[in-house]
Amino acid sequence: MLKISTRFHAGSVIVNDLSDPQNIRLALRPDNAAAFAQWFYFRLQGAAYQNCVMHFENAASAAYPEGWQDYQARASYDRQNWFCVPTSYENGVLTINHTPLSNSVYYAYFEPYSGEQHLNLLGDAQGSGLCQIDDLGSTVEGRDINLLTIGNQVESDLKIWITARQHPGETMAEWFVEGLLGRLLDPQDPTARALLDQATFYIVPNMNPDGAALGNLRTNAAGANLNREWENPTAERSPEVFYVREKMLETGVDLFLDIHGDESLPYIFVAGTEGVPTYNARIAALENRFKAAFAAASPDFQDEEGYPKAAPGQADLSWANNWVGNRFQCLSYTLEMPFKDNNNLPDDDFGWNGQRSLRLGEAVLSAVLAVLPDLR
Ligand code: ZN
């Protein structure tokens, strides 16, 4: 007897028919208050050594159907080790074909980052003795919006802001923050010490804890796409952005990185602020220095593939990186990692995953150090 369940953090799928293991009929469940669908995460029980063919029949109406080309779903028996399973996309249907070796197995769009991991991350950071945790306010559903502050917090310090997971299905963003934090809080790491000599870091590891818990791809509990709320956030519809933005206005910002995952492009890349009104030659030079240093620090990073650049003055200021870059006239990036894999350094067994995101988060600090003297 097969069973599929989703009653855990980020669990999400619709089961239409589970009577035939060779034809399990599923559907992607949209965000709780918006039409975006792409994230799935479910547990299958009772299927040891049975060939299971699982069809997502509405995959063509996903938020990014091109995200299914050359995509492999992830699976795990213990929720610690995640691996790729054979996946195909034909005639609008996404199909996972897998024979589990145990009676209990999990399948997900990408390696999850749970609510318990999030709270452990905060606890470990605070336990380091180098990190102050502040509560900026509550989400729509009453979860905590936490800010981690690391550094001396003196006026002369450069103010480095990092936010992750505005889009809650992009779990690689919080893995990235875990890597960055681990290095920054390592008192034996010379890069961390040099950085904290001159800079204070403000880090929001999860901008969208409601959406994460609900298993949403893209929106918060009120259906708001937070990365389109930065011009006019409200405490009712987008408190996550509202409170973080208020704090930024209080501290100032000298460098901003907003961490994301991209459904379609199999590369690691950044998107800058070339289309905002205050963009200038100083920012352009900083961008070039940052990208060169990042590529030197991590062969995963590249600058050939990415989003089309906005024309001068045409940037959408409702995006976090554009709003911040324009308001504070600082170096400001959206950083994207793939759901698929990095095609320049592919891994057929695991694809892009949590550990690789974590390593990239460690590496980015070298790029931050390289631009530090010129940020202000
Ligand atoms: Zn995103």
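In each ligand, atom 1 is the first atom listed, and ligand 1 is the first ligand listed.
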Anything under 30° is parallel, anything over 60° is perpendicular, the rest tilted; go ahead and classify Y202 against W161.
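Rings of Y202 and W161: parallel, under 30°.
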
Parallel, tilted or perpendicular: which describes the rings of W323 and W230, with under 30° parallel and over 60° perpendicular?
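Rings of W323 and W230: tilted, 30 to 60°.
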
The Zn ion (ligand 1) is nearest to which N, O or S atom of H260?
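Distance check against the Zn ion (ligand 1) picks out ND1 in H260.
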
Restricting to N, O or S atoms, which atom of H167 is closest to the Zn ion (ligand 1)?
ND1

Do Q355 and W82 get their side chains close enough for a donor-acceptor pair, meaning under 3.5 Å?
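The criterion, which ignores hydrogens and geometry beyond distance, is not satisfied for W82 and Q355.
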
When you check the gap from the basic side-chain N to the acidic O, do D258 and R165 get nearer than 4.0 Å?
no

Taking backbone and side chain together, does D262 place any N/O/S atom at a distance below 2.8 Å from the Zn ion (ligand 1)?
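Checking the Zn ion (ligand 1) against D262, no N, O or S atom falls under 2.8 Å.
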
